[in-house]
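No experiment lies behind these values; they were computed from the predicted model shown.
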Amino acid sequence: YLRRHAYVPLIDGGRQSVETIYVDDCVAILAEALQYPPAPGVYAVAAEEPIAYRRLCWLLARHLNVHPVFVPIPFVAADLALAGARLLRVRLPIDRDNLLGLRAMKSTPLERLAAQAVRPRDAEESIVAALSSRP
């Protein structure tokens with residue numbers, strides 16, 4: 001998306017908290033958990049620190065060497081635009097449920113696997129690894 005579009009909308013300024021994990025880290029952690037099952041519970045399998053969506057977009061753009069213009073869009077304006085499109089029967093790539101899901105995004109601190117040998121990479125390390133593994 002960042003490579004093809006000059007403007008990138010950031011609903012509510014992109015303040016949503018995103019938890020990331022590089023796929024190789026996820027696989028390694030899950031394999032470890034299968035080999036050494038932890039106590040029952042819900043565990044975090046993500047980078048230790050969540051990242052704001054706008055920061056994630058900025059990092060991706062920087063590492064892709066693209067320079068889109070990030071356009072903050074207030075939630076209310078996006079909601080009105082979607083309502084108008086619905087009334088006019090204009091199909092958009094997102095709907096109100098997507099918008100509400102975006103608004104509700106929050107990271108929840110969860111217990112980490114105590115014996116976890118794999119430390120998940122942070123968002124930027126994951127981006128670098130993903131881009132370097134591409135053909």
> Applying the 4.5 Å side-chain criterion to the ILVMFWY set and letting contacts propagate, would W58 and V128 be lumped into a single cluster?
Replying inline: no

> V27, V45: one ILVMFWY side-chain cluster at the under-4.5 Å cut-off?
Replying inline: no

> With side chains defined as the heavy atoms from C-beta onward, is the minimum distance between Q16 and L102 less than 4.5 Å?
Replying inline: yes

>> For Y1, is the OH atom crowded, meaning more than 12 foreign heavy atoms sit under 6.0 Å from it?
In response: yes

>> Taking L87 as the starting point, is it possible to reach V90 by hopping between hydrophobic residues whose side chains are less than 4.5 Å apart?
In response: no

> Roughly how far apart are F70 CZ and Y53 OH, rounded to 0.5 Å?
Replying inline: 9.0 Å

> Who passes side-chain hydrogen bond (donor to acceptor under 3.5 Å, both in side chains) against E124, sequence neighbours left out?
Replying inline: R62, H63

> Do E48 and D122 come within less than 4.5 Å of each other through their side chains, counting heavy atoms only?
Replying inline: no

> Listed by chain and number, what are the side-chain hydrogen bond (donor to acceptor under 3.5 Å, both in side chains) partners of H5, not counting sequence neighbours?
Replying inline: none

>> Show the nearest heavy-atom pair for residues E19 and P50, with the distance to one decimal.
In response: CG-CB, 4.1 Å

> If Ile, Leu, Val, Met, Phe, Trp and Tyr residues are connected whenever their side-chain heavy atoms lie under 4.5 Å apart, and connections chain through other members, are V18 and V23 in the same group?
Replying inline: no

> Of the non-hydrogen atoms in L2 and C57, which two are nearest, and what is the gap between them?
Replying inline: CD1-O, 3.8 Å

>> Using every non-hydrogen atom in the two residues, find where G13 and R54 come nearest and quote the distance to one decimal.
In response: O-NH1, 3.3 Å

> Closest heavy-atom contact between S133 and Y22?
Replying inline: OG-OH, 3.6 Å

> Does the side chain of R15 reach to within under 4.5 Å of the side chain of L10, using non-hydrogen atoms?
Replying inline: no

>> I want to check something: taking the side chain as every heavy atom from C-beta on, are R86 and R96 in contact at a cut-off of under 4.5 Å?
In response: yes

>> Hydrophobic cluster membership, with links at side-chain heavy-atom distances under 4.5 Å among I/L/V/M/F/W/Y: are V71 and I94 in one?
In response: yes

> Is any NZ, NE, NH1 or NH2 atom of the basic residue among E125 and R119 found under 4.0 Å from an Asp or Glu carboxylate oxygen of the other?
Replying inline: yes

>> For D97, is there any backbone N or O sitting under 3.5 Å from a side-chain donor or acceptor partner on D95?
In response: yes

> What pair of heavy atoms forms the shortest contact from A85 to L92, and how long is it?
Replying inline: CB-CD1, 3.5 Å

> Can L82 and L99 be said to form a side chain to side chain contact (heavy atoms under 4.5 Å, CB included), step by step?
Replying inline: CA-CA 9 Å; L82 288 172; L99 190 64; 3.7 Å; yes

> Do the side chains of I51 and T20 get nearer than 4.5 Å, heavy atoms only?
Replying inline: yes

> Got a second to check how far R55's CZ is from S17's OG, nearest 0.5 Å?
Replying inline: 13.5 Å

>> Run the side chain to side chain contact (heavy atoms under 4.5 Å, CB included) test on L100 and N98 for me, step by step, so that the C-alpha distance in whole Å, both residues' side-chain angles and the decisive distance to 0.1 Å come before the verdict.
In response: CA-CA 6 Å; L100 293 174; N98 300 132; over 6 Å; no

> Of the non-hydrogen atoms in A77 and I73, which two are nearest, and what is the gap between them?
Replying inline: CB-CG2, 4.2 Å

> Is the CZ atom of F75 crowded by more than 12 outside heavy atoms at less than 6.0 Å?
Replying inline: yes

> So do I127 and L64 actually touch side chain to side chain, heavy atoms under 4.5 Å?
Replying inline: no

>> Show, in sequence, the C-alpha distance, side-chain angles and deciding distance for I29 and I21, and conclude whether the side chain to side chain contact (heavy atoms under 4.5 Å, CB included) test is met.
In response: CA-CA 11 Å; I29 291 167; I21 186 161; 4.2 Å; yes

